[in-house]
Number of protein chains: 2
Amino acid sequence: MPGPRATTRPHATIKDVAAAVGMSPATVSRALARPDMVASSTAERIRQVADELGYSPSPQARWLHTGRSNALTLVLPDITNPFFFDLIRGAQHEAARAGYTQVLVDTEESAAQERSHLAAARKTSDGAVLGGSRLPDTMLGELAARFPLVSVNRRIRGVPSVTIDTPAALAQAVDHLAGLGHRRIAYLGGPESAWFDDRRWQAIRAAADDHGLTCSRLGHRAPTMIAGEEAVEGVTAGDLTAVITYNDLQALGLMRGLERRGIAVPDQFSIIGCDDIFGADLTKPTLTTVTGSAELAGELATKALLERLDTGKPPRKLHQTAPAHLTIRDSTAPPPEVARR
Amino acid sequence: MPGPRATTRPHATIKDVAAAVGMSPATVSRALARPDMVASSTAERIRQVADELGYSPSPQARWLHTGRSNALTLVLPDITNPFFFDLIRGAQHEAARAGYTQVLVDTEESAAQERSHLAAARKTSDGAVLGGSRLPDTMLGELAARFPLVSVNRRIRGVPSVTIDTPAALAQAVDHLAGLGHRRIAYLGGPESAWFDDRRWQAIRAAADDHGLTCSRLGHRAPTMIAGEEAVEGVTAGDLTAVITYNDLQALGLMRGLERRGIAVPDQFSIIGCDDIFGADLTKPTLTTVTGSAELAGELATKALLERLDTGKPPRKLHQTAPAHLTIRDSTAPPPEVARR
DNA sequence: ATGAAAGCGCTAACAC
DNA sequence: GTGTTAGCGCTTTCAT
């Protein structure tokens with residue numbers, strides 16, 4: 001019985017090619033993988049016949065021997081967050097360049113999903129890049145010992161990582177606000193499970209201290225526009241004149257929320273975001289934010305992963321940093337009390 | 001010699017499990033795949049041991065017999081176009097639900113890359129969803145005969161497809177403009193290789209005719225913000241009062257371009273986009289545009305692909321349509337001559 | 001209900 | 001330079 005797959009004709013196999021050229025499968029294998037181990041004339045002939053038959057070796061069968069699938073997995077907490085777009089593209093570029101296929105999975109911010117996806121990734125790919133993992137450090141450390149892993153924007157003992165240096169740029173952001181005359185600012189936090197949340201807060205607070213600014217922390221919020229919009233109450237409750245948010249999505253939401261309340265940005269209130277996602281320069285006012293190349297981070301992470309795969313050892317530079325800087329746009333201005341003078 | 005992969009311990013195999021429970025690999029295979037073919041007590045024991053050993057069958061080895069990789073490929077011309085984000089997520093959802101892995105590839109608008117990626121996809125996955133293919137119809141038709149394919153937003157003879165019904169919504173868009181009093185409108189075209197470009201134009205022209213509007217076609221442009229911004233000249237050259245663009249990216253770019261020229265949207269000029277991407281409601285003015293669920297389209301396409309895989313036959317409904325509608329925001333208003341009265 | 005054995009497509013020793 | 005052979009992890013007859 002033909003069965004369900006009868007409609008798609010099976011691929012030509014190495015045997016078909018071998019039969020067609022009247023040689024053994026081994027010779028065909030060599031001709032294709034290591035042409036120098038074979039008479040150049042036969043190599044040529046085999047290549048040609050393989051082409052005619054549309055043959056190319058099956059990655060799966062090859063895997064049995066080599067243990068390599070030539071695929072990498074990119075694990076993301078939320079594909080729809082624009083921040084990840086460039087990361088995806090950077091990683092994809094680098095993977096393709098090295099002849100690897102990229103598998104993309106979205107864990108939808110769920111640690112459980114991340115676990116199961118990683119378990120699957122172990123079987124189907126040679127390694128994984130984790131963009132903002134939600135799993136505990138210990139688990140990631142253990143996993144990384146058995147399965148090549150590179151973490152993006154989260155530093156974990158024993159796990160190679162690439163981190164965008166947003167803390168440095170956030171210090172610039174505070175400088176910027178201080179320079180404008182702001183005295184009372186705050187940080188609108190991200191998810192508790194986000195490794196970077198605390199780092200960003202520390203960087204901001206330290207810089208605020210340097211300038212003698214009052215700086216409070218406005219709890220933990222989801223990294224979404226909705227969450228930013230909902231934060232309006234907390235933001236307007238005190239006597240703040242500026243807020244730095246965990247990410248741009250929050251900043252955009254907050255901006256919308258303030259506008260709806262009739263609070264003008266930046267005249268009455270300044271906002272600084274983080275990530276410089278698509279859309280940050282489309283709003284009115286455009287968003288002052290921290291720009292770091294997620295694309296570069298994706299490239300570096302994949303490169304590190306590939307290095308690990310090639311050498312079998314952790315990459316030379318275990319923890320890498322990609323630069324970031326403050327991009328000043330229109331959502332920041334002197335606070336009302338200064339502007340009025 | 002240990003070799004490069006010495007650091008990662010190999011997975012437990014079916015043999016390990018078999019040895020651990022003192023039974024044959026065949027029984028283990030059955031216990032896991034068809035528990036009903038095995039004594040329930042042994043099935044239970046095997047499952048438990050497999051768990052302890054962290055064993056699960058290798059997809060690659062399984063592929064040798066079944067010819068199935070349990071992976072689907074999603075082929076996109078440009079990952080960074082926000083339009084595709086929801087498509088990605090919808091497809092991913094559906095794939096995950098059915099126990100499939102999703103492989104994502106970005107062809108960067110290149111037909112050559114698309115070809116080579118599809119060739120690779122044939123080996124590594126069971127089928128592919130094409131989001132806006134740039135390949136000729138004939139090639140896709142032939143390929144689809146050998147490899148399960150579903151096309152999104154492009155209808156091809158013999159290839160199952162899911163199309164977002166933007167033409168219907170664009171007719172609404174023209175109605176909307178006519179209702180506001182516009183008499184001379186235009187369509188800013190997309191890439192020539194985009195199947196939908198002509199369809200959109202036809203829909204707009206037909207609707208314009210119905211209303212007795214003058215409607216011109218403003219050539220072919222890349223589906224990017226830059227291209228939209230560059231189109232300002234052409235748009236302002238005539239005596240137009242409104243433009244409908246191929247997609248939102250162009251619309252956003254055009255809006256920016258007009259603003260820079262001091263032309264007020266919507267008071268002096270109305271703009272309607274297409275896709276309702278992230279950012280379309282962030283701009284000021286917010287963008288009137290055509291909203292269609294790319295997520296739904298991704299889901300439907302993947303569902304159709306899975307049906308094809310399960311039954312071996314083309315899906316019941318070869319060509320599906322996902323609804324779309326006009327979302328009226330702030331980038332459209334009566335033209336100056338009407339407003340003045 | 002379970003086991004033995006063959007074989008999927010390919011590669012890598014090991015002959016010759 | 002090329003062929004033979006064994007075997008990767010798994011499923012599936014075919015026996016028992």
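Here is the naming used below: chain letters follow the sequence lines, and residue numbers restart at 1 for every chain.
No donor-acceptor contact under 3.5 angstrom links the side chains of Ser110(A) and Glu108(A), judged on distance only. If you check the side chains of Ser69(A) and Gln60(B), you find no donor sitting under 3.5 Å from an acceptor.
The two residues Val129(B) and Ala301(B) have their closest heavy-atom pair at CG1-CB, 4.0 Å.
Regarding Asp16(B), its CG atom lies at a distance of 13 Å from the C1' atom of dC10(D), rounded to whole Å. If you measure from atom CG of Asp36(A) to atom P of dT2(D), you get 13 Å, rounded to the nearest angstrom.
Heavy-atom nearest nucleotides on DNA chain C were determined for Ser24(B) and for Ala61(B), and the one closer to the 5' end corresponds to Ser24(B).
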Evaluate the criterion side-chain contact (heavy atoms from CB on, under 4.5 Å) for residue pair Thr42(B) and Met23(B); output intermediate values, then yes/no. CA-CA 9 Å; Thr42(B) 45; Met23(B) 298 198 122; 3.7 Å; yes

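Under the side chain to side chain contact (heavy atoms under 4.5 Å, CB included) rule, Leu104(A) has a single partner from Leu72(A), Thr73(A), Leu74(A), which is Leu74(A).
Taking CD of Glu295(B) as the reference point, atom CD1 of Ile88(B) lies at 11.5 Å (rounded to 0.5 Å).
By the 6.0 Å contact criterion, CZ on Arg115(A) is open, its count of non-hydrogen atoms from other residues, nucleotides or ligands being 12 or less.
A salt bridge between Asp137(B) and Arg157(B) is absent, with no side-chain N of the basic residue lying under 4.0 Å from a carboxylate O of the acidic one. For Asp78(A) and Arg89(B), the salt-bridge test passes: some basic side-chain N is under 4.0 Å from an acidic carboxylate O.
Of all nucleotides in DNA chain C, those with any atom nearer than 4.0 Å to a heavy atom of chain A start and finish, going 5' to 3', at dC8(C) to dA13(C).
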Write down the protein N/O and nucleotide N/O pairs, taken from nucleotides 12-16 of chain D, whose separation is under 3.5 Å; answer none if there are no such pairs.
none

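Taken over five-pair windows at either terminus, the axes of the helix from dA1(C)-dT16(D) to dC16(C)-dG1(D) are inclined to one another by 40° (rounded to 10 degrees).
Taking only side-chain nitrogens and oxygens, Thr42(A) never comes nearer than 4.0 Å to OP1 or OP2 of dG1(D).
Under a 3.5 Å cut-off, the side chain of Asp310(A) and the backbone N or O of Glu307(A) do not form any donor-acceptor pair.
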